[in-house]
Engineer: 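Please find one structure pasted underneath; my questions will follow.
As the structure lists them, so they are numbered: ligands from 1, and atoms in each ligand from 1. Computed from a predicted structure; not experimentally measured. What's counted below: heavy atoms across the whole structure, side chains too, no hydrogens, waters or symmetry copies.
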Amino acid sequence: MRIALVSEHASPLAVVGGVDAGGQNVHVAELANALADRGHHIVVYTRRDDPHLPTRVTMRSRVTVEHVCAGPAAPIGKDDLLPHIPQFGQQLQECLRNERPAVVHAHFWMSGLAALAAAGPLALPVVQTFHALGSVKRRYQGSADTSPPERIGLERTVIDRVQRVVASCDDERRELVELGAEPDRVVIVPSGVSLTHFTPEGRAARRCRPRLLSIGRLVARKGHDDAIRVIAAHPQAELLIVGGPEAGAFESDSEVRRLRALARELKMEDRVRLTGRLAQAELPALLRSADAVLCLPWYEPFGIVPLEAMACGVPVIGSAVGGLLDTVRDGDTGLLVPPRDVPAASAAVTELLEDTAFRDRMGKAARDRAEDYEWSSVAARAERAYVAAIHAHRTNRPVAR
Ligand code: UDP
């Protein structure tokens with residue numbers, strides 16, 4: 001099949017770890033690769049955010065990234081992109097007219113808007129993955145949510161009009177049905193993990209004391225601050241926080257300053273280290289050096305980091321939310337605790353650090369669990385969703401207007 005993936009703000013070629021570059025970028029890149037491995041031809045459409053980018057880049061055989069002109073060729077925060085989406089949709093329509101994909105798979109709500117605007121006149125089916133939902137973000141972030149006010153209403157429109165809505169996990173499926181998706185139009189296609197890159201075998205980074213990691217974009221909802229509070233109760237252990245803006249912007253980043261101030265206040269400056277963003281290539285060795293990975297988000301649409309930890313044979317101490325409820329088997333591949341419950345997470349750390357045999361057993365089970373999430377099986381599930389969308393479109397054309 002020829003497949004169009006639309007990912008307006010999250011390029012598969014971007015360096016991940018910054019505020020707007022994380023799981024979605026990794027997901028789109030790995031999904032494109034895995035679909036190409038199955039023989040499909042993929043074009044990923046993403047917004048041009050740099051005037052020097054070539055229009056088309058060959059990522060590998062059968063995967064091309066096309067940079068779509070919409071708004072200034074400069075970085076724009078994703079919460080400020082909506083005014084440029086109509087132009088993105090127009091440009092996308094021209095591309096799709098030439099390419100004639102069998103299906104268009106949009107990633108994030110604004111890509112869904114652009115995909116529907118572009119695919120409708122060309123009578124192409126659309127599949128939508130949200131990666132994050134405005135209603136959930138509003139629930140947890142309240143007035144701190146900087147999404148455009150129209151977001152929740154527009155997400156409902158996307159849900160109504162696409163042929164298939166992809167949920168990343170059971171919890172998101174429930175949210176989508178609450179937002180009005182008929183259950184038989186929702187399919188679950190999780191994110192995945194590279195089992196050849198993230199392995200228990202291989203070099204481990206050096207360490208001098210028990211180590212915990214907290215990996216992810218430096219945004220409040222990821223709970224890096226709670227990870228610091230948890231480690232405060234374990235004076236023998238250190239915490240490495242991985243993620244953050246580019247090197248030049250690191251020191252002035254407000255979240256970096258907030259986390260450092262908290263570490264100072266708790267007298268833990270010598271035990272909490274912010275590494276900044278690290279390339280995917282550097283993560284396996286670091287993961288292998290850890291006793292456990294703390295994933296303590298307030299909410300989590302999916303969460304690739306827990307899978308990467310488990311694939312390296314490292315147990316996860318995670319919030320019992322979103323995708324972690326599916327990926328982490330409580331008591332078997334890690335320990336799940338209520339979100340924002342520092343004492344519970346701290347008790348989980350005690351359990352793992354004090355019983356190394358238990359920790360090792362969990363590490364082995366964690367790797368086994370991660371093997372259910374190989375990208376090749378994710379791509380097979382996506383492919384089934386595409387076939388269903390194409391069929392639904394043929395039999396019920398009026399949905400994508
Ligand atoms: N990541 C990375 N370097 C960093 C921080 C994060 O490569 O410095 C990667 C991480 O390994 C994972 C992705 O970014 O593949 C984050 O995905 P996740 O689903 O955990 O979080 P999201 O960014 O979607 O909120």
Side-chain angles (χ1 to χ4, degrees), residues 7 9-31 33-34 78 107-109 129-133 136-137 140-141 147 167-169 171-172 189-195 197-199 205 213-224 227 240-247 249-250 253 255-256 259 273-288 290 293-312 314 316-319 321-328 334 339 370 373-375 378:
S7 182
H9 72 279
S11 168
L13 302 172
V15 180
V16 293
V19 168
D20 278 348
Q24 186 178 329
N25 307 67
V26 173
H27 181 101
V28 170
E30 295 283 1
L31 177 64
N33 276 328
K78 65 177 187 283
H107 295 262
F108 205 58
W109 65 282
T129 302
F130 282 96
H131 292 278
L133 284 167
V136 176
K137 190 169 185 190
Y140 289 96
Q141 300 204 0
S147 305
S168 302
C169 62
D171 192 47
E172 193 181 36
V189 179
S191 274
V193 64
S194 165
L195 296 172
H197 184 65
F198 291 96
T199 56
L213 302 178
S214 182
I215 303 177
R217 294 173 297 121
L218 292 195
V219 291
R221 68 112 173 148
K222 285 286 180 185
H224 298 298
L240 268 59
I241 299 177
V242 179
E246 334 225 317
F250 195 68
D253 182 78
E255 193 61 10
V256 170
L259 294 172
R273 183 149 62 89
L274 277 73
T275 67
R277 74 161 63 144
L278 295 179
Q280 290 260 294
E282 297 178 74
L283 293 180
L286 193 61
L287 283 163
R288 290 182 205 116
V293 173
L294 293 173
C295 300
L296 301 176
W298 308 345
Y299 63 95
E300 188 59 271
F302 181 77
I304 296 178
V305 165
L307 277 185
E308 292 169 345
M310 290 195 290
C312 287
V314 180
V316 172
I317 295 173
S319 305
V321 295
L324 282 91
L325 292 166
D326 291 4
T327 54
V328 180
Y373 289 87
E374 171 93 81
W375 282 108
V378 173

Engineer: Only heavy atoms count here, so choose which of E30, E308, R217 is nearest to atom 12 (C) of ligand 1.
Structural biologist: E308
Engineer: Just jot down the ligand 1 atoms closer than 4.0 angstrom to any heavy atom of L283, in number order.
Structural biologist: 2 (C), 7 (O), 11 (O)
Engineer: At less than 4.0 angstrom from any non-hydrogen atom of V242, what atoms of ligand 1 do you find?
Structural biologist: 8 (O)
Engineer: Do any nitrogen or oxygen atoms of L278 come within less than 3.5 Å of a nitrogen or oxygen of ligand 1?
Structural biologist: yes
Engineer: Flag V305 as yes when one of its N or O atoms lies below 3.5 Å from any N or O atom of ligand 1, and as no otherwise.
Structural biologist: yes
Engineer: Hey, is the main chain of Q280 close enough, under 3.5 Å, to the side chain of H197 for a donor-acceptor pair?
Structural biologist: yes
Engineer: Please confirm whether the backbone N or O of R217 pairs with a side-chain atom of H224, one donor and one acceptor, at under 3.5 Å?
Structural biologist: yes
Engineer: Taking only heavy atoms of G303, which atoms of ligand 1 are found under 4.0 Å from at least one of them?
Structural biologist: 19 (O), 20 (O)
Engineer: Give, for atom SG of C169 and atom CG of L324, the distance between the pair rounded to the nearest 0.5 Å.
Structural biologist: 9.0 Å
Engineer: Hey, which atoms in ligand 1 end up nearer than 4.0 Å to a heavy atom of R277?
Structural biologist: 8 (O)
Engineer: Do W375 and N33 have side chains that approach each other closer than 4.5 Å (heavy atoms only, starting at C-beta)?
Structural biologist: no
Engineer: Who's the nearest protein heavy-atom neighbour of atom 18 (P) of ligand 1, and how far?
Structural biologist: I304 N, 3.4 Å
Engineer: Under 3.5 Å, N or O to N or O, is Q280 touching ligand 1 that way?
Structural biologist: yes
Engineer: What do you reckon, does R221 put a non-hydrogen atom under 4.0 Å from ligand 1?
Structural biologist: yes
Engineer: Identify the heavy atoms of G23 and I304 that sit nearest to each other, and give their distance.
Structural biologist: O-CD1, 3.6 Å
Engineer: Side-chain contact, heavy-atom cut-off 4.5 Å: P297 with V321?
Structural biologist: yes
Engineer: Among all protein heavy atoms, pick the one closest to atom 5 (C) of ligand 1 and tell me residue, atom and distance.
Structural biologist: G17 CA, 3.7 Å
Engineer: Under a 3.5 Å threshold, yes or no: a donor from one side chain and an acceptor from the other, between S194 and E30?
Structural biologist: no
Engineer: In Å, rounded to the nearest 0.5 Å, how long is the span from CG of L218 to CZ of F250?
Structural biologist: 6.0 Å
Engineer: Just so I know, are the side chains of T129 and V189 near enough to count as touching, which here means a heavy-atom distance under 4.5 Å?
Structural biologist: no
Engineer: For ligand 1, note which part of H131 has a heavy atom under 4.0 Å away: side chain, backbone, both or neither.
Structural biologist: neither
Engineer: Any idea which atoms of ligand 1 are less than 4.0 Å away from a heavy-atom of K222?
Structural biologist: 21 (O), 22 (P), 25 (O)
Engineer: Just need the protein heavy atom nearest to atom 1 (N) of ligand 1, so name the residue and atom and give the distance.
Structural biologist: V16 CG2, 4.0 Å
Engineer: Which heavy atom of V316 sits nearest a heavy atom of M310, and at what distance?
Structural biologist: CG2-CG, 3.8 Å
Engineer: Does ligand 1 come near enough to G23 that some N or O of the ligand is less than 3.5 Å from an N or O of the residue?
Structural biologist: yes
